[in-house]
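In this text, all values refer to a predicted model and were calculated from it rather than measured experimentally. For ligands, and for the atoms within them, numbers begin at 1 and follow the listed sequence.
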Amino acid sequence: MESTITECPFCGGEGVLCSTKGKYGYFVFVQCSFCGAQGKTYSIGKDRDEDWAESIPSDNAVKAWNTRVGDRNG
Ligand SMILES: [Zn+2]
């Protein structure tokens with residue numbers, strides 16, 4: 001599974017797929033490496049395996065970020 005992460009809708013910076021451990025497990029999201037803008041988060045479960053970046057939630061996080069860019073008006 002491979003999706004291209006589009007540039008940040010706010011500053012044009014590079015979007016990076018990140019994961020973090022929350023209260024109920026791990027989450028994935030795309031974050032701008034420049035301004036820190038963050039896309040929608042998706043749960044990847046209690047444990048994070050090696051190929052978490054290839055998982056469906058990660059792909060959804062990328063799509064959500066990309067959609068947000070597409071939704072920008074003016
Ligand atoms: Zn940005």
Output yes when a side-chain donor or acceptor of S43 lies under 3.5 Å from a complementary backbone atom of F27, and no otherwise. no

What protein N/O/S atoms are found closer than 2.8 Å to the Zn ion (ligand 1)? C8 SG, C11 SG, C32 SG, C35 SG

The criterion is side chain to side chain contact (heavy atoms under 4.5 Å, CB included); which residues satisfy it with Y42, sequence neighbours excluded? V28, K40, P57, N60, A61, A64

With no hydrogens and no angle check, is any side-chain donor or acceptor of Q31 less than 3.5 Å from a backbone partner on V16? no

Yes or no on side-chain contact (heavy atoms from CB on, under 4.5 Å) for C8 and E14, after CA distance, side-chain angles and deciding distance? CA-CA 6 Å; C8 175; E14 186 186 0; over 6 Å; no

Is the side chain of N66 donor-acceptor paired with the backbone N or O of T4 at a distance under 3.5 Å, no angle test? yes

Looking only at atom types and distance, does a side-chain atom of S58 sit under 3.5 Å from a main-chain N or O of W52, one as donor and one as acceptor? yes

